[in-house]
Amino acid sequence: MSIIYLDNNATTKVDPEVLEVMLPYLRDYYGNPSSMHTFGGQLGKAVKTARQQLAALIGADESEIVYTSCGTEGDNAAIRAALLAQPQKRHIITTQVEHPAVLNVCKQLETQGYTVTYLSVNSQGQLDLDELEASLTGNTALVTIMYANNETGTVFPIEQVGLRVKQSGAIFHVDAVQAVGKIPMNMKTSTIDMLTLSGHKIHAPKGIGALYVRRGVRFRPLLIGGHQERGRRAGTENVPGIIALGKAAELELLHLEEATARERKLRDRLEQTLLAKIPDCEVNGDVTQRLPNTTNIGFKYIEGEAILLSLNKYGICASSGSACTSGSLEPSHVLRAMGLPYTTLHGSIRFSLSRYTTEAEIDRVIEVMPDIVQRLRAMSPFQNDNAGWLQEQALIHN
């Protein structure tokens with residue numbers, strides 16, 4: 001049985017071209033780039049080229065790129081660097097729908113005496129900019145807000161946020177792990193001070209990411225040791241990963257316009273057909289301001305876990321939310337923050353596409369999904385009993 005992979009917001013397939021350029025640095029060129037000898041030192045040129053490729057994708061200067069191991073490290077490094085640079089300020093602003101790599105850091109910082117404002121979102125998952133502006137004070141050290149939500153695909157008005165943050169004097173960090181490679185970016189004209197990205201979301205391998213740090217922004221390293229990354233991130237460079245990320249960035253930039261248009265077309269076809277064929281379902285999130293590859297659909301009166309297990313029998317991979325919270329039985333914190341009713345909350349499924357997604361794969365999902373939902377609803381005693389469903393869910397979660 002072939003695999004139909006529609007969980008690309010969790011991770012992506014490594015591009016064959018990326019793998020090809022990476023392999024020599026695992027097999028043949030295995031020296032340490034900090035070594036004095038030529039065998040190791042020659043890697044510096046390849047790392048420089050990769051840094052230039054990545055910088056080009058986001059419109060940055062190569063000197064503003066700091067390599068990390070992943071998006072989580074990038075988020076942690078940015079948040080803690082911003083606070084260390086402004087020890088007199090003790091206030092942070094974020095949102096209720098951030099990735100755990102931001103939310104859990106903020107919760108920990110609250111135990112250390114910081115005050116955190118968690119901005120709300122509306123039923124479409126969008127921010128209220130007036131709430132943001134009212135929350136900014138002279139004590140605000142950092143505003144950390146994602147570019148696009150990993151579960152719904154909702155894209156925030158980042159530059160409008162940034163203008164307000166700049167007026168307050170706070171540092172502005174953006175988790176752009178889901179947005180890089182899907183939305184054109186130009187850090188040279190942006191209000192963003194620091195931006196996090198991750199390789200395995202753009203067809204590079206896991207274990208490599210980067211943090212953009214605008215020139216002039218004070219930065220205290222999270223990892224302290226050697227001189228690597230101009231003293232901003234100690235540790236021997238992951239040369240194969242860096243080479244892979246550089247090539248992946250080059251390919252994302254090359255395919256950006258074509259791929260996003262194609263993914264949007266396939267997503268819309270999947271979404272519109274399912275809504276037409278299956279009663280009592282709806283799209284979660286902002287249907288106009290969102291990532292081109294993402295749809296999150298709530299199927300009422302059934303459990304998302306049951307849908308995913310049924311899809312899995314057909315070799316179809318999707319998800320019910322962030323892969324980083326998949327071990328939890330609690331409904332998505334993102335969908336809860338949007339105020340979705342329990343009837344939709346528990347049966348919400350995210351389909352996320354990539355440039356490798358085919359029309360035939362979308363056709364197959366459209367073919368099997370109505371029968372899956374019909375079968376599961378037939379097994380549910382609450383299909384036509386909204387009050388009973390709500391009562392059962394209240395008992396489960398209280």
S.K.: According to ring pair (Phe, Tyr, Trp, His ring centres under 6.0 Å), who are the partners of Tyr114, at least two apart in sequence or on a separate chain?
M.R.: none

S.K.: What is the distance from atom CD1 of Ile93 to atom SG of Cys106, rounded to the nearest 0.5 Å?
M.R.: 11.0 Å

S.K.: Quick one: SG on Cys317 to CG on Asn8, what's the gap to the nearest 0.5 Å?
M.R.: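 Between atom SG of Cys317 and atom CG of Asn8 there are 9.5 Å.
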
S.K.: With sequence neighbours excluded, give me every ring-ring contact (aromatic ring centres under 6.0 Å, His included) pair touching residues 145-174.
M.R.: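 Not a single pair qualifies under ring-ring contact (aromatic ring centres under 6.0 Å, His included).
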
S.K.: Sequence neighbours left out, what pairs pass salt bridge (Lys or Arg N to Asp or Glu O under 4.0 Å) with at least one residue falling in residues 66-75?
M.R.: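 Output for this query lists Glu73-Arg233.
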
S.K.: Arg215: what forms a side chain to side chain donor-acceptor pair (under 3.5 Å) with it, not counting sequence neighbours?
M.R.: Asp61, Ser63

S.K.: With sequence neighbours excluded, tell me which residues meet ring pair (Phe, Tyr, Trp, His ring centres under 6.0 Å) with His200.
M.R.: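 His200 satisfies ring pair (Phe, Tyr, Trp, His ring centres under 6.0 Å) with no residue once adjacent residues are dropped.
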
S.K.: With Arg51, which of Glu237, Glu229, Glu250, Glu64 fulfils salt bridge (charged side-chain N to carboxylate O under 4.0 Å, His left out)?
M.R.: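 Passing option: Glu229.
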
S.K.: Around Arg220, counting heavy atoms of other residues, nucleotides and ligands shown, do more than 12 lie under 6.0 Å from its CZ?
M.R.: no

S.K.: Check side chain to side chain donor-acceptor pair (under 3.5 Å) between Glu263 and all other residues, then give those that pass, not counting sequence neighbours.
M.R.: none

S.K.: Tyr118: which residues meet the ring pair (Phe, Tyr, Trp, His ring centres under 6.0 Å) condition with it, sequence neighbours left out?
M.R.: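 Result, ring pair (Phe, Tyr, Trp, His ring centres under 6.0 Å) vs Tyr118: none returned.
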
S.K.: Tell me, yes or no, whether the heavy-atom count around Gln42 atom CD, taken from other residues, nucleotides or ligands under 6.0 Å, exceeds 12.
M.R.: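 Enclosed.
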
S.K.: Using ring pair (Phe, Tyr, Trp, His ring centres under 6.0 Å) as the criterion, list what pairs up with Tyr5, not counting sequence neighbours.
M.R.: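 Per chain and number, Tyr5 pairs via ring pair (Phe, Tyr, Trp, His ring centres under 6.0 Å) with no residue.
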
S.K.: Would you kindly say whether Gln52 and Thr49 are connected by a side-chain donor-acceptor distance under 3.5 Å?
M.R.: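 Their side chains do not contain a donor-acceptor pair, so the 3.5 Å distance test is not met.
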
S.K.: Pick one: which of Thr154, Thr295, Thr344, Asn296 meets side-chain hydrogen bond (donor to acceptor under 3.5 Å, both in side chains) with Asn284?
M.R.: Asn296

S.K.: Regarding Glu159 and Thr191, do their side chains bring together a donor and an acceptor under 3.5 Å, going by distance alone?
M.R.: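 Note: Glu159 and Thr191 side chains meet the donor-acceptor criterion.
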
S.K.: With sequence neighbours left out, write down each residue that passes side chain to side chain donor-acceptor pair (under 3.5 Å) with Asn9, or none if nothing qualifies.
M.R.: Lys182, Asn293, Thr294

S.K.: If only atom types and distance count, is the side chain of Lys13 paired as donor or acceptor with the main-chain N or O of His203 below 3.5 Å?
M.R.: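 No; zero donor-acceptor contacts below 3.5 Å.
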
S.K.: Starting from the C-alpha separation in whole Å, work towards a yes-or-no answer on salt bridge (Lys or Arg N to Asp or Glu O under 4.0 Å) for Glu252 and Arg355.
M.R.: CA-CA 10 Å; Glu252 288 295 304; Arg355 66 173 182 263; 2.5 Å; yes

S.K.: Can you sort out the partners of Lys166 under side chain to side chain donor-acceptor pair (under 3.5 Å), two or more places apart, ordered by chain and number?
M.R.: Asp193

S.K.: Using the rule side chain to side chain contact (heavy atoms under 4.5 Å, CB included), only one of Ile192, Val165, Val174, Ile158 pairs with Ile145; which is it?
M.R.: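 It is Ile158; the other options fail the test.
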
S.K.: Return the CD1 to CG distance between Ile243 and Leu43, rounded to the nearest 0.5 Å.
M.R.: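 Answer rounded to 0.5 Å: 7.5 Å.
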
S.K.: Taking the side chain as every heavy atom from C-beta outward, state whether Gln126 and Pro157 have any atom pair closer than 4.5 Å.
M.R.: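 The answer is yes; the side chains approach within 4.5 Å.
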
S.K.: Can you list every pair that meets salt bridge (Lys or Arg N to Asp or Glu O under 4.0 Å) and has a residue in residues 128-150, with sequence neighbours left out?
M.R.: Glu133-Arg164

S.K.: Roughly how far apart are Ile307 CD1 and Ile316 CD1, rounded to 0.5 Å?
M.R.: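 Spacing of CD1 (Ile307) from CD1 (Ile316) equals 12.0 Å.
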
S.K.: Should Thr95 and Glu98 be marked as a side-chain hydrogen bond (donor to acceptor under 3.5 Å, both in side chains) after you check the CA-CA gap, both sets of side-chain angles, and the distance that decides it?
M.R.: CA-CA 6 Å; Thr95 79; Glu98 296 298 311; 2.7 Å; yes

S.K.: Among residues at least two apart in sequence or on other chains, which ones pass salt bridge (Lys or Arg N to Asp or Glu O under 4.0 Å) with Arg364?
M.R.: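 Testing Arg364 for salt bridge (Lys or Arg N to Asp or Glu O under 4.0 Å), a comparison that skips the adjacent residues, returns Glu367.
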
S.K.: Just verifying a value: how many Å separate Asn312 CG and Glu305 CD, rounded to the nearest 0.5 Å?
M.R.: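 So the gap between those two atoms works out to 11.5 Å.
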
S.K.: Atom OG of Ser320 and atom CD of Glu303: how far apart are they, to the nearest 0.5 Å?
M.R.: 10.0 Å

S.K.: Going by the angle between their ring planes, with limits at 30° and 60°, are Tyr29 and Tyr25 parallel, tilted or perpendicular?
M.R.: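 Ring orientation of Tyr29 relative to Tyr25: tilted.
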
